[in-house]
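The structure presented is a predicted model; accordingly, all values stated were derived computationally and were not measured.
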Amino acid sequence: MKTSAPGKEKLANRITWRVILIMLFFNVLIIGAILAFVFAYSLANSGMRGQYVTDGIGGRMESMVKAVKIAARNNVAEVEDHLDSPEEVFDALEHELRLNTHYIGFAAAFMPDYYPSQGRWFEPYVKLVDSTHVERKQIGSAQHDYFIQDWYVMGMRAETGEGYLSDPYYDADGGMSLLCSYILPIHDGKGSKVGLYCIDLSLDWLENTIEEDLENVRKEFLSDSNNIGESDDKPYFSIQMIDSQGRKIIGSDSLDTSILNGKKKETFMSSEMFDLAGTPYYIHSRHLAGTDWTLVVFQHNRLVFMWGNVLAAVIVFFMTLGALVIFFFMYRSIRSATKPLGFLSDSTQEVAKGNFDTPLPTFRHNDEISQLRDSFGTMQQSLKRYVEELKDTATSKATIESELNIAHHIQMAMLPKTFPAFPNRDEIEIYGMLTPAKSVGGDLFDFFLRDDELFFCIGDVSGKGVPASLVMAVTRTLFRNVAAGIESPRLIVEAMNVALCDGNDSNMFVTLFVGALDLRTGHLLYCNAGHDAPYLQDQLLPCDPNLPVGIMPDWTFSEQETDIAPGSTVFLYTDGLTEAENALPEQFGRQRVIDIISSSIEGAYSPQELIESMTVAVRQFVGETEQSDDLTMLAIKYTKK
């Protein structure tokens, strides 16, 4: 059998055998009986409390949903009878609002281009400002594109006569507050679904109801209602309304509702108990009819057992009086054994505050406390060195990140960012996007109008990061300066090539495509310097195999030309598109690019819609894989009629 070293005493043995063995036998049976009684009584009481709260709030909520459902079905008919013009729709909505002033607002969201005079988006909204004034707004727009929002998609899929209550949201365009909406389809005279009818409901009453029930529970347990708030930063009693996505709608506090995904077990009273970071909560919930919401009442275990614990404490107090007689004789021994821990604890508290030079106490006994003191002394010195190194590292990292962030904003500011770029020209639509793989990148695109010609370029600098970003900035500046006075794309590229070769000790180069489009005729002159060939519609544009710029200053570049038919789109990109990889790894490839371009042709997409569709496809393909290369796209549509 293994024995202790000579002179080494066991602290655990001294305390355990002198105290636990004397008091354990007398305490175990009594404490066990008390705890069993406390658990049964307190749990039954909390169950009734939770059921009372959920039934009360849930009943009122379900009554509200039923009332708004009836109101929506009665009122939507008036809108359906006034579909002849947008103004009649506004009048119908205002009339309903004045009859139902307890609602925030009424809205209708129509199908694309339902009223040609209103454009693609028509979403009339009326809001009661005061008892006499109603505010009218048309909130549908490209920025407020309701066609892609969940509430519109779900509403248009609903069966005839069926509506639903949306999840809460903050309406920055209409109600300007936290609200939810009851949504019901609108049908024309032929019975066809043409849009959605919406009633906006304020959630203030629900929050007030929850606060009233919380106040009642506070008064039940403590005369000072402010003292029942939290235990160890966790609320004693919480009422939460959860939406269909598991997110909190309204609650009495900021309790993390992820507790509902915690470890769960059933008690003998059929209450659900969840564990959140070691803290048990007893849960009562009720799904609210007519909605996808759930009302949940959380009761901290300390609240559940509060009054029962008071009773247990009284019994334990009298039981402890008898144990004190025995404890008195053990007191000096326990104090002598644990005093070194107090000294060491005081020293460690100082170290925890950052006073790493705090001296540690010395002990007479050669036991575990003495070993702990020596180990902590070693850790104290190591921690001091580590903190100094961490300070230096953090300072350097913060400086680098700040500089990279500034460089990113400077680089992005150099690229065109206002779209539509030429709102006064009806011959051309253009849209571009650059997404760097790091804070700064080496891709670029640019364009400008001179007289009736559009000069444009796209490029990819070899390498990544800061060096590539510097070359990118130089290249973009060269394009602007050179193209300002030269007509020919070939001469523009050759002038840029000479400039980039001069002093290029780092041997960096740029693949570049430069084009000049005559907006009067659709005639395109272009020069490709080693860049990926762009697409004209869904066919690759023929490109000569020229070298990238920045390699040979005396290289003679070739120039090509073609005619672009009205309605055609030129799509330019960098290899960050076709070489984007997923986790397998597989590359996005040209075929997927062609498929998306073909779909855009069939759908008559604008350049922005084409690039956005391509971006969504790349993100879905890549998934969670980290972006490895800069991604740049530029689409130009010749729209002259």
Relative to the ring of Tyr431, is the ring of Phe419 parallel (under 30°), tilted (30 to 60°) or perpendicular (over 60°)?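 Taking Tyr431 first and then Phe419, their aromatic rings sit tilted (interplane angle of 30° to 60°).
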Return the orientation label for the Tyr146 and His144 ring planes: parallel under 30°, perpendicular over 60°, tilted otherwise.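 The arrangement is tilted - the two ring planes meet at 30° to 60°.
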For [X], all residues meeting side chain to side chain donor-acceptor pair (under 3.5 Å), sequence neighbours excluded:
| X | value |
| --- | --- |
| Arg490 | Glu494 |
| Asp145 | Trp121 |
| Gln627 | none |
| Thr574 | Asp443 |

Side chain to side chain contact (heavy atoms under 4.5 Å, CB included) involving [X] - partner list, sequence neighbours excluded:
| X | result |
| --- | --- |
| Asp563 | His523 |
| Arg450 | Phe448, Phe455, Glu487 |
| Gln560 | Tyr526, Pro542, Cys543, Asp544 |
| Gln591 | Ile594, Asp595 |

Please output the side-chain donor-acceptor pairs of residues 505-516 that fall under 3.5 Å, not counting sequence neighbours, one pair per line with the distance.
{"unit_1": "Ser506", "atom_1": "OG", "unit_2": "Asn504", "atom_2": "OD1", "d": "3.4"}
{"unit_1": "Thr511", "atom_1": "OG1", "unit_2": "Asp460", "atom_2": "O", "d": "3.4"}
{"unit_1": "Thr511", "atom_1": "OG1", "unit_2": "His531", "atom_2": "ND1", "d": "2.9"}

Which atom pair, heavy atoms only, marks the closest approach of [X] to [Y]?
| X | Y | result |
| --- | --- | --- |
| Glu123 | Gly140 | CB-N, 3.7 Å |
| Asp538 | Ser598 | OD2-OG, 3.5 Å |
| Cys527 | Asn546 | SG-ND2, 4.3 Å |
| Cys501 | Ile551 | SG-N, 3.5 Å |

Hey, which of Thr562, Leu517, Ile564, Ile430 is the one that makes side chain to side chain contact (heavy atoms under 4.5 Å, CB included) with Val570?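 The residue from Thr562, Leu517, Ile564, Ile430 that satisfies side chain to side chain contact (heavy atoms under 4.5 Å, CB included) with Val570 turns out to be Ile564.
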I need the Gln587 CD to Asp575 CG distance, nearest 0.5 Å.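 If I round to the nearest 0.5 Å, the distance is 9.0 Å.
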Once you round to the nearest 0.5 Å, how far does CD1 of Ile597 lie from OH of Tyr605?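 The CD1 atom of Ile597 sits 12.5 Å away from the OH atom of Tyr605.
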Report yes or no: does Asp630 contribute a side-chain atom to a donor-acceptor pair with the main-chain N or O of Gly442 at less than 3.5 Å?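 Yes; judged by distance alone, with no hydrogens or angles, the pair exists.
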Salt bridge (charged side-chain N to carboxylate O under 4.0 Å, His left out) partners for Arg425, two or more places apart: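 Counting only residues at least two positions away or on another chain, Arg425 forms a salt bridge (charged side-chain N to carboxylate O under 4.0 Å, His left out) with Glu427, Asp452.
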Quick one: salt bridge (charged side-chain N to carboxylate O under 4.0 Å, His left out) partners of Asp446, sequence neighbours excluded?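 Partners of Asp446 by the salt bridge (charged side-chain N to carboxylate O under 4.0 Å, His left out) criterion, ordered by chain and then number, come out as Arg476, Arg480.
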Please set out all donor-acceptor pairs under 3.5 angstrom arising from side-chain atoms of residues 610-622, sequence neighbours excluded.
{"unit_1": "Glu612", "atom_1": "OE2", "unit_2": "Gln608", "atom_2": "NE2", "d": "2.9"}
{"unit_1": "Ser613", "atom_1": "OG", "unit_2": "Glu609", "atom_2": "O", "d": "2.8"}
{"unit_1": "Thr615", "atom_1": "OG1", "unit_2": "Ile611", "atom_2": "O", "d": "2.8"}

